[in-house]
Amino acid sequence: MSSLPRPHRRRSEDKSREAGEHRPRAAPIRYCRVRDERRAGAACGRRTTLSVRGEASRTVEPDYAVVQANLRAVPAVRAAALADVRGRQDALAASLGSLGATALTASSGEAAITWSFGSIAVHDEYASNKRTGEHQPTGRTEAHASVVVAIRDLGRLAELGEALGSVDRLAIEDVSWHVDAANPAWRAVRADAIRAALAKASDYASALGGTVRSVDQLADSGLLDAPGDVGSRARASRRAVYATAGASGDGAAGTPSFDPVPQQIHAVIEARATADTSPDL
């Protein structure tokens with residue numbers, strides 16, 4: 001029994017071409033070897049990822065001040081102490097009202113002067129027993145309430161000081177100075193931080209014998225590597241821009257000063273860039 005002749009492969013390929021079938025050839029893979037790099041130079045250069053941080057700061061005048069104070073009643077029986085604090089709150093509200101101040105609400109936050117009262121706290125008064133030396137209740141009640149006054153018209157700080165000083169048993173505990181989030185200085189200091197980051201990336205690339213090819217990512221400090229949860233990203237974003245007080249005023253030790261304190265605003269930016277660097281490193 002004779003064996004059947006095997007079909008010729010070339011004859012099959014010819015039929016495929018006649019039928020219009022074309023099989024594209026894969027493009028050849030080219031490798032950039034070390035010896036090729038030495039001959040080709042930049043043609044086989046490396047691309048390096050650079051991670052940098054830029055920081056900047058500026059000193060600006062504050063936009064508003066926040067005064068924190070405390071109203072204290074004369075120790076008495078509970079009802080009398082509560083009435084005393086409420087009476088002092090009314091007196092302070094009237095004194096501030098003479099300056100055009102308004103109670104703080106959702107819509108009055110941008111007013112020239114606003115005030116708000118905290119809830120009244122009460123507790124038993126204690127005193128040392130002269131005979132036994134023990135710390136014992138006196139039978140009277142102490143009552144106090146916190147006060148917060150915000151002033152944006154800094155030219156009227158002296159008037160505010162007089163209004164607060166007219167109320168007996170009011171103690172000023174702190175005066176802090178702030179820069180508005182909408183202050184144009186924030187935009188300027190953020191731009192400064194970006195320029196600082198890009199300059200640092202350029203320095204790194206130059207040290208590696210190359211140049212920055214592209215800026216791939218730009219973020220507030222901590223956001224490039226922060227975990228994905230919203231809380232962590234929010235905390236990192238808050239750290240990216242912040243303000244600190246400059247030199248303190250000339251008030252006596254322990255007495256908050258009403259002299260405006262310049263504020264230093266800071267911005268921290270992180271960036272990732274790609275650089276074309278020397279293949280010989």
**Asked** How far apart are the C-alpha atoms of Arg152 and Glu110, what are their side-chain angles, what is the distance that settles it, and do they pass the side-chain contact (heavy atoms from CB on, under 4.5 Å) test?
**Response** CA-CA 8 Å; Arg152 291 184 169 276; Glu110 299 298 318; 3.5 Å; yes
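- To the nearest 0.5 Å, the span separating CG on Leu164 from CG on Leu170 amounts to 6.0 Å.
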**Message:** Evaluate Tyr64 against Thr114 for side-chain contact (heavy atoms from CB on, under 4.5 Å), listing each step before the verdict.
**Reply:** CA-CA 11 Å; Tyr64 65 98; Thr114 60; over 6 Å; no
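- In this structure, Tyr126 stands alone, with no Ile, Leu, Val, Met, Phe, Trp or Tyr side-chain heavy atom under 4.5 Å from its own, directly or through other members.
- Residue Val85 is found in a hydrophobic cluster whose other members, listed by chain and number, are Leu82, Ile120, Val122; membership requires side-chain heavy atoms under 4.5 Å apart, directly or through intermediates.
- In this structure, CD1 on Ile113 lies 5.5 Å from CG on Leu160, to the nearest 0.5 angstrom.
- The minimum heavy-atom distance between Thr59 and Pro262, with the atom names listed, is CG2-CB, 3.8 Å.
- Counting all heavy atoms, side chain and backbone alike, Pro260 lies closest to Leu157 at CG-CD1, 3.8 Å.
- Expressed to the nearest 0.5 Å, how far CG of Leu218 lies from CD of Glu270 amounts to 10.0 Å.
- Judged by distance alone, with hydrogens and angles left aside, the side-chain atoms of Asp124 form no donor-acceptor pair with the main-chain N or O of Pro137 at under 3.5 Å.
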Report all side-chain donor-acceptor pairs from residues 90-106 shorter than 3.5 Å, counting only partners two or more places apart or in another chain.
| from | atom 1 | to | atom 2 | distance (Å) |
| --- | --- | --- | --- | --- |
| Ser95 | OG | Ala163 | O | 3.1 |
| Ser95 | OG | Ser166 | OG | 3.2 |
| Ser98 | OG | Ser95 | O | 2.5 |
| Thr105 | OG1 | Ser107 | N | 3.4 |
| Thr105 | OG1 | Ser107 | OG | 3.4 |
| Thr105 | OG1 | Ser108 | N | 3.2 |
| Thr105 | OG1 | Ser108 | OG | 3.1 |

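- Nearest heavy atoms, Ala56 versus Asp192: CB-CB, 3.4 Å.
- Between Val261 and Trp177, the shortest heavy-atom distance links the atoms CG2-NE1, 3.5 Å.
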Solution key, residues 65-79 side-chain donor-acceptor pairs under 3.5 Å, sequence neighbours excluded:
none

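- In this structure, CD1 in Ile269 is found 10.0 Å from CD in Glu55, a value given to the nearest 0.5 Å.
- Asp180 contributes no side-chain N or O that, together with a main-chain N or O of Ala182, makes up a donor-acceptor pair within less than 3.5 Å.
- In this structure, Arg169 places its CZ atom where more than 12 heavy-atom neighbours from other residues, nucleotides or ligands lie under 6.0 Å away.
- Closest approach of Ala205 to Thr211, counting heavy atoms only: CB-C, 3.8 Å.
- Of the charged side-chain nitrogens involved, none lies within less than 4.0 Å of a carboxylate oxygen, so that Asp203 and Lys200 do not count as a salt-bridged pair.
- For the pair Ser214 (side chain) and Asp216 (backbone), a donor-acceptor distance under 3.5 Å is absent.
- The residues Arg47 and Asp276 are annotated as salt-bridged, a charged nitrogen and a carboxylate oxygen being separated by less than 4.0 angstrom.
- Val148 is not connected to Trp115 by any chain of hydrophobic side-chain contacts under 4.5 Å among Ile, Leu, Val, Met, Phe, Trp and Tyr, and they are in different clusters.
- Hydrophobic clustering (ILVMFWY, side-chain heavy atoms < 4.5 Å, transitive): Leu154 and Phe258 are in one cluster.
- Sorted pairs that involve residues 79-100 and meet ring pair (Phe, Tyr, Trp, His ring centres under 6.0 Å), not counting sequence neighbours, are lacking altogether.
- Judged purely by atom type and a 3.5 angstrom limit, Arg88 has no side-chain atom pairing as donor or acceptor with the backbone of Val167.
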**Request:** Show the numbers, then the answer: is there a side-chain hydrogen bond (donor to acceptor under 3.5 Å, both in side chains) between Gln264 and Ser57?
**Result:** CA-CA 6 Å; Gln264 286 188 338; Ser57 62; 5.8 Å; no
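- Under the 4.5 Å side-chain heavy-atom criterion for grouping Ile, Leu, Val, Met, Phe, Trp and Tyr, Val149 is connected to Phe117 within one hydrophobic cluster.
- Partners of Gln217 under the side-chain contact (heavy atoms from CB on, under 4.5 Å) rule, at least two apart in sequence or in another chain, are Leu224, Arg272.
- In this structure, CD1 on Ile265 lies 7.5 Å from CZ on Arg58, to the nearest 0.5 angstrom.
- The two residues Arg53 and Ala197 come nearest to each other via the heavy atoms C-CB, 4.3 Å.
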